[in-house]
*Asks:* 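Before anything else, here's the structure in question.
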Amino acid sequence: MPPTKPKTPPKTNESKLAKLGLRTDMDLVLHLPMRYEDETVVVSIREACLRGGHVSQVEGVVTKNEISFRPRRQLLVTIADASGDLLLRFMNFYGSQVKQLAEGTRVRARSELKHGFFGAEMVHPTYKVINEGAPLPTVLTPVYPSGEGLSQAILRRSIADAMKRIDWRDTLPPALREEMNLSDFEPSVRLLHYPPQEIDAHALVERSHPAWIRMKFDELLAQQLSLKRAQRARRVKGAPVLKAIGDLSEAFLGQLPFKLTGAQQRVLREIRADLKNGYPMQRLLQGDVGSGKTVVSALAAAQAIDSGYQAALMAPTEILADQHFRKIAGWMEPLGVKVAWLTGSLKKKDKLAATALVESGEAQLVIGTHALIQDTVQFAKLGLVIVDEQHRFGVGQRLTLRNKGSNGKTPHQLMMSATPIPRTLAMTYYADLEVSVIDELPPGRSPIVTRAIDQNRRDEVIERVHAAALEGRQIYWVCPLIEESEALQLQTATETHAMLAEALPDLQVGLVHGRLKPAEKQEVMDAFTANAVQVLVATTVIEVGVDVPNASLMVIEHAERFGLSQLHQLRGRVGRGSAASVCLLLYQSPLGPIAKQRLMTMRETTDGFEIARRDLEIRGPGEFLGARQSGQAMLRFADLETDQWLVEQARDVAHQLIHDAVDDVVEAHLARWLGGKEEFLKV
Ligand code: ADP
Ligand code: MG
């Protein structure tokens with residue numbers, strides 16, 4: 001079946017519809033109602049009055065029509081039927097309406113019925129002028145998700161028109177529909193737009209009606225098909241074959257001051273196997289904060305270097321990139337590896353020197369920030385791309401780095417994240433990723449105790465900070481997040497720093513925030529690492545990756561303003577050494593229900609997977625993914641929580657269709673559901 005040619009809806013409302021993403025006829029037809037109004041029944045005015053409070057539809061003839069000016073200008077229309085009369089009150093109205101509702105006109109009005117000062121009335125009812133004996137609709141009236149300036153009337157008409165024009169052919173072969181027990185496409189769509197009055201309303205609202213199931217299945221299938229195609233497209237690309245586990249890898253392992261955990265060894269084996277393949281690896285290395293991902297990625301880099309290729313490691317912040325540089329260069333340079341450092345803040349001259357090293361291939365390993373993906377940076381022989389804290393980068397940024405391969409070879413890609421992806425999301429949005437999980441922390445870590453404390457007990461907390469510092473421990477003091485204003489956030493950080501410096505005169509208190517120049521930031525971080533500074537006041541710039549094992553107390557102010565994963569990331573800065581660590585969450589009461597839930601979760605668990613699961617529960621997948629992650633959320637109808645079983649079915653069917661190369665079915669289905677919008681967003 002050829003894909004239907006997109007046709008544009010009528011000119012006048014085109015842009016408003018486009019704003020809702022409704023550009024083609026098929027877009028309109030697949031814009032399904034969020035609820036319905038029942039206009040299939042008329043009750044007598046008397047009965048409507050008796051029922052009170054509910055929404056009713058009545059029919060009557062206008063007996064009075066007047067504009068009143070007290071207390072404000074309004075149109076008052078009285079209608080009557082055999083059982084009684086009723087006032088319709090319009091606060092905003094057009095002159096045309098006054099004429100339209102002239103005495104003697106027959107109208108059907110539908111609204112909630114109120115008992116006002118002058119008896120029963122409807123305020124701003126929806127109404128229709130009709131002829132006597134006009135038949136009642138036999139189907140429910142759809143109410144569509146709408147946008148600014150777009151009335152239901154326009155949406156209803158545009159959608160009804162589009163339904164006349166589209167190609168209704170079912171994209172799924174009859175045998176498949178039968179096997180999966182799926183309703184047919186056309187009747188399902190028609191039913192959802194115009195359900196018969198006697199439909200099971202519950203099944204409609206809950207979206208468990210077979211018609212809804214068909215829609216959700218189709219949607220999920222389209223998603224799975226596009227993922228599978230992305231995967232196949234990747235597999236036919238050539239990648240450098242990184243075979244050698246050679247001298248560097250051996251020497252590197254030999255000189256590590258610790259032994260890899262079992263989990264690290266396992267994921268390393270998985271990565272090593274991938275790198276030997278002739279097609280690009282796309283692997284996500286997941287491990288809770290502090291689980292030791294960096295060393296695993298360095299070993300992957302060693303394999304690339306041993307095989308004569310370059311590796312690049314990109315981190316989202318200067319602080320983190322710098323830390324990686326020091327740590328990894330500290331491991332590798334003594335073994336004769338040339339490591340280049342590249343960030344946006346380098347002086348022009350240094351940057352040029354660094355890019356020259358990268359371009360000539362002299363630098364075997366390159367570590368840096370977004371600066372790595374600039375056009376001016378060209379690699380001689382890029383074999384492996386490592387992206388740390390991958391969720392901090394946009395899809396486009398990751399792609400750009402991956403596209404820096406040479407000789408038509410796509411480099412392997414290793415992404416790292418401490419934010420675990422719940423299973424349902426992994427199966428849908430990230431289905432084209434292999435996932436390795438480090439599910440074991442290095443030995444000798446002691447658990448972090450987390451407590452929530454009311455802000456007004458700050459003095460006690462400062463006491464505690466003092467005591468900890470005197471015991472030789474180090475402390476992070478995280479300033480509140482002020483999303484609306486960076487300036488205000490900065491001010492708060494500066495004030496907090498001044499306050500703590502005054503309260504703790506015998507300690508060195510440092511300050512680090514996003515506005516500091518990289519060199520200044522570095523100076524503070526160095527001082528903290530060397531324990532020349534005991535208390536580090538910080539904004540969320542320390543959220544990711546920072547690793548100072550001697551820090552074992554963390555105070556987070558206004559913890560109620562942070563999201564769960566952010567709190568978890570922050571807390572992960574402590575508990576890295578052998579000392580028992582404590583995290584104090586200061587909050588401002590009263591706490592809202594969501595904030596309360598978050599703080600409770602933080603107290604109850606330090607397990608990143610559990611936290612991610614609860615985060616998903618509290619926020620829902622859309623927000624969990626974030627615009628950054630998903631590009632555009634593809635799922636409108638299916639719910640990853642409740643429709644897990646459908647996800648699995650769709651995945652199996654997609655696999656089958658692609659495997660059997662039923663290309664026309666695949667094409668038609670993708671054209672219908674993604675209409676050319678198919679994005680290869682899972683990279
Ligand atoms: P993350 O997974 O959060 O990126 P890191 O890679 O920064 O964690 O590792 C956290 C700390 O643990 C680092 O100081 C690192 O050197 C150390 N580490 C990593 N692996 C081990 C291990 N097997 N045994 C002991 N310490 C380890
Ligand atoms: Mg890390």
Side-chain angles (χ1 to χ4, degrees), residues 249 252-271 283-302 313-332 334 365 367-369 386-393 414-421 435-448 474 476 525 528-531 540-552 554 565-579 581 583 606-609 611-612:
S249 304
F252 184 109
L253 267 177
Q255 53 116 63
L256 268 184
F258 48 75
K259 193 171 164 306
L260 295 184
T261 62
Q264 283 171 320
Q265 288 174 27
R266 174 171 44 76
V267 301
L268 183 61
R269 275 198 300 275
E270 291 166 358
I271 294 167
R283 192 171 275 280
L284 176 66
L285 177 54
Q286 263 182 17
D288 211 345
V289 285
S291 62
K293 296 184 287 292
T294 314
V295 66
V296 173
S297 70
L299 279 158
L313 189 161
M314 177 163 77
T317 66
E318 290 242 9
I319 291 190
L320 187 53
D322 180 81
Q323 197 175 280
H324 282 323
F325 177 70
R326 284 157 189 252
K327 188 158 230 163
I328 296 175
W331 283 328
M332 294 232 182
L365 177 60
I367 299 177
T369 57
I386 302 165
V387 181
D388 195 14
E389 307 290 345
Q390 63 93 21
H391 57 286
R392 292 299 202 95
F393 291 96
L414 178 65
M415 288 160 277
M416 300 194 278
S417 178
T419 308
I421 301 170
V435 180
S436 291
V437 181
I438 305 185
D439 52 6
E440 177 187 357
L441 291 179
R445 302 268 168 90
S446 39
I448 307 170
Q474 289 176 270
Y476 291 105
M525 290 311 293
F528 191 59
T529 308
N531 201 359
T540 47
V541 296
I542 61 148
E543 179 188 338
V544 287
V546 172
D547 183 32
V548 179
N550 193 44
S552 61
M554 166 159 291
S565 67
Q566 211 172 12
L567 286 173
H568 180 62
Q569 285 277 347
L570 282 168
R571 182 171 60 183
R573 302 309 111 215
V574 295
R576 299 188 152 232
S578 47
S581 289
C583 176
T606 51
D607 176 345
F609 283 80
I611 288 176

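The model shown is predicted, which means the values in this text are computed figures rather than measured ones. Just follow the structure's listing: the first ligand is 1, and inside any ligand the first atom is 1.
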*Asks:* Between G292 and Q264, which heavy-atom pair has the shortest distance, and what is it?
*Replies:* O-NE2, 2.8 Å

*Asks:* Are P257 and W331 side-chain neighbours, meaning at least one heavy-atom pair lies under 4.5 Å?
*Replies:* yes

*Asks:* Suppose I only count heavy atoms of K327 and a 4.0 Å limit; which atoms of ligand 1 are within that range?
*Replies:* 13 (C), 14 (O), 15 (C), 16 (O)

*Asks:* Answer whether the closest heavy-atom distance between the side chains of L260 and L253 falls below 4.5 Å.
*Replies:* yes

*Asks:* Show the atoms of ligand 1 that are less than 4.0 angstrom away from any heavy atom in S291.
*Replies:* 2 (O), 8 (O)

*Asks:* Go through ligand 1 atom by atom and flag the ones less than 4.0 Å from a non-hydrogen atom of T261.
*Replies:* 23 (N)

*Asks:* Could you check whether D439 pairs with R266 (Lys NZ or Arg NE/NH1/NH2 to Asp/Glu carboxylate O, under 4.0 Å)?
*Replies:* yes

*Asks:* Locate the shortest heavy-atom distance separating P316 from E389; write the atom from each residue and the value.
*Replies:* CG-CB, 3.7 Å

*Asks:* If hydrogens are left out, which of G572, G577, P442 has an atom nearest to atom 25 (C) of ligand 1, that is, the closest non-hydrogen atom?
*Replies:* P442

*Asks:* Any idea which atoms of ligand 1 are less than 4.0 Å away from a heavy-atom of L260?
*Replies:* 23 (N)

*Asks:* Hey, is M416 one of the residues with a heavy atom under 4.0 angstrom from ligand 1?
*Replies:* no

*Asks:* For A418 and ligand 1, answer yes if some heavy atom of the residue is under 4.0 Å from a ligand atom, otherwise no.
*Replies:* no

*Asks:* Work out which heavy atom in M332 is nearest to a heavy atom in A298; give both atom names and the distance.
*Replies:* CE-O, 3.3 Å

*Asks:* If hydrogens are left out, which of K293, K259, Q265, Q264 has an atom nearest to atom 2 (O) of ligand 1, that is, the closest non-hydrogen atom?
*Replies:* K293

*Asks:* Counting from 1, what ligand 1 atoms have a heavy atom of T294 closer than 4.0 Å?
*Replies:* 4 (O), 5 (P), 6 (O), 7 (O)

*Asks:* By number and element, which atoms of ligand 1 are closer than 4.0 Å to a non-hydrogen atom of V289?
*Replies:* 3 (O)

*Asks:* Main chain of V435, side chain of Q286: is a donor-acceptor contact present, judged purely on distance under 3.5 Å?
*Replies:* no

*Asks:* Is there a donor-acceptor contact under 3.5 Å from the side chain of E440 to the main chain of T261?
*Replies:* no

*Asks:* If I apply the N/O under 3.5 Å rule, does G287 come out as touching ligand 1?
*Replies:* no

*Asks:* Distance under 4.0 Å to a non-hydrogen atom of R576: what atoms of ligand 1 satisfy this?
*Replies:* 3 (O), 7 (O), 10 (C)

*Asks:* Have a look at ligand 1 and work out which part of D547, if any, has a heavy atom under 4.0 Å from it: side chain, backbone, both or neither.
*Replies:* side chain

*Asks:* Side chains of S436 and R283: any donor to acceptor distance under 3.5 Å?
*Replies:* yes

